[in-house]
Number of protein chains: 2
Amino acid sequence: MTSDPLPPVLAIRAFEAVSRHLSFTKAGEELGMTQAAVSYQIKVLEERLGFPVFVRRARKIDLTEKGTQLATRVVDAFRDLRTAFSDVRQENDTQLVIACNPTFASRWLAAHLFDFQIANPDLAIRIIPSDSEDQYKNGEQDITISGCYAPPPDNIRHPLIPATFSPMLHPDLAASIGGINSPTDLLKLPITDPADHWWPLWFAKAGIPNPDLGSWPSSRMGSQGLEADRAIAGKGVAILTPFFYRAELASGQLIQPFDLVEHDPGMAWHLSYPHSNRNSRKVRLFRDWIFTELLKDGLDMEETGLAVA
Amino acid sequence: MTSDPLPPVLAIRAFEAVSRHLSFTKAGEELGMTQAAVSYQIKVLEERLGFPVFVRRARKIDLTEKGTQLATRVVDAFRDLRTAFSDVRQENDTQLVIACNPTFASRWLAAHLFDFQIANPDLAIRIIPSDSEDQYKNGEQDITISGCYAPPPDNIRHPLIPATFSPMLHPDLAASIGGINSPTDLLKLPITDPADHWWPLWFAKAGIPNPDLGSWPSSRMGSQGLEADRAIAGKGVAILTPFFYRAELASGQLIQPFDLVEHDPGMAWHLSYPHSNRNSRKVRLFRDWIFTELLKDGLDMEETGLAVA
DNA sequence: TGCAATGCATAAGGGAGATTTATGCATGAC
DNA sequence: GTCATGCATAAATCTCCCTTATGCATTGCA
């Protein structure tokens with residue numbers, strides 16, 4: 001039968017310390033309490049057990065036989081507890097888990113993270129590419145980079161990238177209809193995701209209130225990579241965030257026919273983390289790093305919203 | 001580094017139960033507290049650790065990754081604690097340790113204890129033949145049978161045998177001086193322990209106030225066996241407790257020349273145990289057994305003082 | 001031998017924090 | 001839709017844990 005309840009854990013904790021020091025006074029110092037408090041806890045334990053665990057001698061105490069039997073095992077158990085918490089604490093200190101919006105992860109973070117790892121070799125980074133309401137509730141990550149979902153109210157939120165967008169396509173596809181000269185030309189070509197609600201926003205800004213797209217609300221911010229792949233393959237026109245496709249635009253894999261860039265005022269890529277993490281070393285390091293890295297990356301303060309941070 | 005302090009043990013205790021049940025409510029039932037109290041303790045733990053250990057889902061909770069790491073080890077440690085206390089408790093329940101006055105142990109208990117062991121096969125008996133002030137302080141025994149030392153004030157004390165005594169000697173030694181006809185005849189023979197303060201007491205009662213013994217106070221109750229051995233060997237006259245030497249008197253190894261028996265009013269063999277042990281099963285069993293056994297052994301209630309018990 | 005120092009026990013009292021009560025909220029079942 | 005389940009939270013309470021102060025016994029030292 002191992003089912004009878006434990007003696008009070010505070011008494012066990014006191015016993016563990018006393019049995020190592022063989023001194024109420026020293027145990028009290030270790031535990032941050034007075035000798036009298038330790039004496040009280042040992043008395044509680046002995047009354048609960050029904051037998052003494054220490055023999056009080058002059059100016060010292062000894063374990064009784066039963067006390068000795070208990071002490072070895074209790075000290076062992078507490079050593080296990082201490083190492084368990086210590087290990088997890090250490091892991092927590094040295095591993096940074098980032099739940100990251102997939103687009104941001106693949107189009108920006110992947111390429112830049114190496115610098116962070118070089119600068120902070122003691123930190124192991126784990127990226128969870130995911131962007132959903134549940135992700136916040138999971139609690140597994142230290143930091144979240146989200147595209148659209150608002151963090152829980154107790155989280156601190158920093159804007160990173162505004163949700164800008166403009167149509168893009170492969171130059172060969174543009175050439176197939178003699179070039180893109182006006183926004184309506186785009187409607188002659190396949191639209192990679194007509195359900196993307198960015199389309200009507202952009203066309204409206206372009207002066208075309210009701211383009212024939214048959215859309216319904218749905219954000220693609222989590223996976224614009226798929227649309228981009230189709231556009232790069234010449235299969236259609238995608239509406240993408242220029243910041244993420246600078247390389248493809250520079251290399252000519254994609255062209256952006258119009259300078260006209262709309263942005264979604266209710267959305268932005270942002271970094272967030274629980275208020276309680278604000279002073280955690282690893283969170284500070286990553287936060288500071290990503291801000292400066294994005295600045296270096298050519299965005300001014302207003303665009304990144306760093307002024308708010 | 002295993003040196004950083006443990007989180008509050010009450011929080012650890014709650015975590016252990018919750019991680020087994022994966023339910024605050026059920027853990028609360030096990031711990032005898034409300035769901036709200038468990039929730040509070042888990043919150044304390046998570047704030048102390050700096051990361052969540054449970055993911056709150058709809059109508060259930062799950063361990064986080066770090067929570068899982070902790071849980072396995074914490075549950076193990078608590079299992080060790082439980083079995084440690086359970087083992088010692090079981091040993092305590094099934095082992096009866098008697099610190100016993102050596103004379104009583106060898107002259108009475110040894111011969112009778114077998115019956116007790118037969119009647120209580122689940123109890124292991126251990127006798128510590130010792131009778132000293134320190135013995136009480138040791139705290140290792142469940143019960144003490146003492147000859148002369150008063151138990152600590154919180155102990156319960158039952159008289160067992162009054163400290164009676166009368167001179168005894170081997171018949172051949174008596175015959176060597178033509179028999180013992182008056183108390184003064186004893187003074188012609190070697191006295192095994194002239195320092196024994198029982199001698200002057202007995203001679204005084206026999207009407208001889210100042211026998212030539214050159215004695216100083218010193219009780220031999222702890223070791224009258226040594227004197228008895230010398231008397232049985234015909235080496236001298238001993239002053240012994242008749243109750244303990246009935247067998248030798250019956251077999252003729254010793255004779256008691258006079259019916260005159262004195263007793264030491266301040267002394268008696270008695271059984272004692274801490275007040276807190278009064279309802280312990282093993283103590284009750286032994287106490288009840290020794291009373292009836294002594295009664296069967298021919299002592300009436302008044303002599304044993306059982307009326308007081 | 002007396003005096004100071006050490007170490008535990010104990011009583012009294014206060015207070016931190018553990019717990020309960022009561023309520024709200026979200027989810028899932030029917 | 002309604003009800004049941006399960007956790008979170010606020011407020012209030014109260015337990016009991018701890019400190020303070022003191023006593024006692026032993027030891028060491030002068």
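In what follows, chains carry the letters A, B, and so on, assigned in the order in which the sequence lines appear, proteins first and then strands, with residues in each chain numbered from 1. Below, each value reflects all heavy atoms present in this structure, side chains not excepted, and no hydrogens, waters or symmetry copies.
Rounded to whole Å, the distance from NZ on K26(B) to C1' on dT5(D) is 11 Å. Distance CZ (F24(B)) to P (dT19(C)): 14 Å, rounded to an integer number of Å. In this structure, R56(B) places its CZ atom 20 Å from C1' of dG28(C), rounding to the nearest Å. Atom P of nucleotide dT20(C) and atom CD of E29(B) are separated by 12 Å, given to the nearest angstrom. dG6(D) atom C1' lies 7 Å from atom CZ of R59(B), rounded to whole Å. Rounded to an integer number of Å, the gap from CZ of F54(A) to C1' of dG7(C) is 14 Å.
Scored by the ring pair (Phe, Tyr, Trp, His ring centres under 6.0 Å) test, F15(A) finds F54(A) as partners (sequence neighbours excluded).
Of the residues in residues 31-49 of chain B, Q35(B), A36(B), S39(B), K43(B) come within less than 4.0 Å of DNA chain D through at least one heavy atom, sorted by number.
Residues I61(A) and A58(B) both approach DNA chain C. Their nearest nucleotides, taken by heavy-atom distance, put I61(A) toward the 5′ side.
For the residue pair R157(A) / S146(A), no side-chain donor-acceptor distance below 3.5 Å is found, with atom types taken as modelled. Checking N277(A) against K282(A) by side-chain atom types alone, no donor-acceptor pair falls below 3.5 Å.
Of all heavy-atom pairs between Q41(A) and M33(A), the closest is CG-CE, 4.2 Å.
In this structure, D62(B) pairs ionically with R57(B), as a charged nitrogen and a carboxylate oxygen lie closer than 4.0 Å. Comment: D76(B) engages R79(B) in a salt bridge, judged by a side-chain N to carboxylate O separation of less than 4.0 angstrom.
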